[in-house]
Engineer: 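For reference, the structure I am asking about is given below.
Reminder, nothing fancy here: chain letters follow the sequence lines and each chain counts from 1. What you see below is based on every heavy atom in this structure, not just the backbone, and it leaves out hydrogens, waters and symmetry mates. Quick caveat, the model's predicted, so the values are computed rather than measured.
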2 protein chains.
Amino acid sequence: MAKDLEKSLKIADQRCIEQGLRLTPQRRQVMGLLLEQEGPRSAYDLLDELQSRHQPGAKPPTIYRALDFLVSAGLAHRLASTNRYLACGHLACDHGHERTLFLVCDQCGAVREATMDTPLKQALNRSLSQEGFTAGTQPMEMHGRCRACR
Amino acid sequence: MAKDLEKSLKIADQRCIEQGLRLTPQRRQVMGLLLEQEGPRSAYDLLDELQSRHQPGAKPPTIYRALDFLVSAGLAHRLASTNRYLACGHLACDHGHERTLFLVCDQCGAVREATMDTPLKQALNRSLSQEGFTAGTQPMEMHGRCRACR
DNA sequence: AGTCGGGCGTTACGCTGTAACGTACGCTTT
DNA sequence: AAAGCGTACGTTACAGCGTAACGCCCGACT
């Protein structure tokens, strides 16, 4: 477990270097908190955690800055529909996670980070171009019940 | 314009009667505010509007209760990613708006309520069943740039 | 040495949403 | 008619989410 954590943090270091970004100690701590968690967490949950574990004096802007950085660096995701954050589930793979789809279980809160297959991407792109709409980078989210909770 | 508003409110009345729900004067006023608007509005915007136009003493729970009712009755939608509300764009049509996709322009804020075509629905359903995930009723949202803002 | 920008601390504030309680009113049951 | 019941709504108070704005420090580049 702790091994996986360290390994993931190393990958995060690497990803930042590649992009010319700085994974400062503070940002790394927050990334560590995200990696430890099972599911998505709210910013204030993470703030509490950060305060009790690393930085007693941390204030809201501290956690939001770190999270914004991690999201923009592609190391974490923000679930817009529930105001929650989670580590990217595809840290290791290279395949730039464009067009991922989050499946959010409304019962247990679990989030599955699904990648869209080719036919789905194509059908979606066709619909979008028909509307003249250019998709941004924010992933899509779908709510429902996961396999375990059905 | 005002004609359309009245007509839409009549349809809303009808929809409620069909479902055995009560579109009270207060709820009807809020529905009217939603129908008047160009784009999606925040709950507090609507609260201000409600206060200045109909109910000076209205408080947050007033507007949230009305909005929750309208959403659950299928007369309005909530954009989870931006905390905004808008009247359902398909009030007139019968085709129960399951599987709609909101295209949200990050620049101008406009929202287009697109209906998924059959191939897209199929591709999506296949992906979901593969994951063992059962979709709920909440519509999906996609962010990007609309035709006009490109 | 000067300056420039990024990261961070700190304060203060605004927006979003709800819990919990009480009241009024219409409906059914007795 | 009286009692009981559920829904809508008023009201208070609070919890959670997020950011603007300011200033300091420090490393990099000239």
Engineer: Whole-Å distance between C:dT16 C1' and B:R41 CZ?
Structural biologist: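 About 16 Å, once rounded to whole Å.
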Engineer: Atom NE2 of A:H54 to atom P of C:dG9: distance rounded to whole Å?
Structural biologist: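 Between P of C:dG9 and NE2 of A:H54: 14 Å.
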Engineer: What integer distance in Å separates A:L47:CG from D:dA15:P?
Structural biologist: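 To the nearest whole Å, that distance equals 16 Å.
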Engineer: From CG of B:L21 over to P of D:dT7, roughly how many Å is that when rounded to an integer?
Structural biologist: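 Answer to the nearest Å: 12 Å.
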Engineer: Given that B:Y85 and A:P60 both sit by DNA chain C, which one's nearest nucleotide is further toward the 5' end?
Structural biologist: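 The residue mapped nearer the 5' terminus is A:P60.
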Engineer: May I ask you to verify whether the side chain of A:R65 and the base of C:dG9 hold a donor-acceptor pair under 3.5 Å?
Structural biologist: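 Yes, a donor-acceptor pair under 3.5 Å.
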Engineer: Please pick, from C:dT10, D:dT19, D:dG10, the nucleotide with the shortest atom-to-atom distance to any side-chain atom of A:T62.
Structural biologist: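 Among C:dT10, D:dT19, D:dG10, the one nearest the side chain of A:T62 is C:dT10.
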Engineer: Side chains of B:F69 and B:L23: does their closest heavy-atom pair fall under 4.5 Å?
Structural biologist: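 The answer is yes; the side chains approach within 4.5 Å.
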Engineer: What's the CZ-C1' distance between A:R84 and D:dC17, to the nearest Å?
Structural biologist: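 My rounded result for the distance is 10 Å.
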Engineer: Return the 5'-most residue of the pair B:R22, B:G57 with respect to DNA chain D, ranking by each residue's nearest nucleotide.
Structural biologist: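 Going by which nucleotide is closer to the 5' end, it is B:R22.
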Engineer: B:N83 side chain N/O closer than 4.0 Å to the phosphate oxygens (OP1, OP2) of C:dG17?
Structural biologist: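 So the side-chain polar atoms of B:N83 do come within 4.0 Å of the phosphate oxygens OP1 or OP2 of C:dG17, strictly under.
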Engineer: Quickly work out the A:Y64 OH to D:dA20 P distance and round it to whole Å.
Structural biologist: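 Rounding to the nearest Å, OH of A:Y64 and P of D:dA20 are 12 Å apart.
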Engineer: Phosphate oxygens OP1/OP2 of C:dG9: is one of them under 4.0 Å from a side-chain N or O of A:Q55?
Structural biologist: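 Yes, within the criterion.
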Engineer: Looking only at the side chain of B:T24 (C-beta and beyond, no hydrogens), which of the listed nucleotides D:dC9, D:dC17, C:dT16 gets closest?
Structural biologist: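 Output: D:dC9.
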Engineer: Between C:dG7 and A:R28, is there an OP1 or OP2 to side-chain N/O distance shorter than 4.0 Å?
Structural biologist: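 Checking A:R28 against C:dG7: no side-chain N or O falls below 4.0 Å of OP1 or OP2.
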Engineer: Taking B:L79 as the starting point, is it possible to reach B:L34 by hopping between hydrophobic residues whose side chains are less than 4.5 Å apart?
Structural biologist: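 No, separate clusters.
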Engineer: From C-beta outward on A:A43, which listed nucleotide comes closest to its side chain: D:dT19, D:dC9, D:dG18?
Structural biologist: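 Within the option list, the nearest is D:dG18.
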Engineer: Going by an N to O cut-off under 4.0 Å, is there a salt bridge joining B:D45 and B:R84?
Structural biologist: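 Salt bridge absent between B:D45 and B:R84.
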Engineer: Between D:dG18, C:dC8, D:dT12, which nucleotide gets closest to the side-chain atoms of A:Q26?
Structural biologist: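 So the side chain of A:Q26 is nearest to C:dC8.
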Engineer: Between C1' on D:dC9 and NZ on B:K59, what's the gap in Å once rounded to a whole number?
Structural biologist: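 It is 12 Å, rounded to the nearest whole Å.
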Engineer: How close or far is atom C1' of C:dC8 from atom CG of A:L67, stated in whole angstroms?
Structural biologist: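 Rounded to the whole Å, the gap is 15 Å.
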Engineer: Taking atom CZ of A:R150 as the centre, report whether more than 12 heavy atoms of other residues, nucleotides or ligands fall under 6.0 Å from it.
Structural biologist: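 Incorrect, the count does not exceed 12.
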Engineer: Between A:Q37 and A:E49, is there a side-chain donor-acceptor contact under 3.5 Å, judged purely by atom types and distance?
Structural biologist: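 Looking only at side-chain atoms, A:Q37 and A:E49 do not form any donor-acceptor pair under 3.5 Å.
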Engineer: Look at the side chain of B:Y44 against the base of C:dG14 and say whether a donor-acceptor pair falls under 3.5 Å; ignore hydrogens and angles.
Structural biologist: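 Absent.
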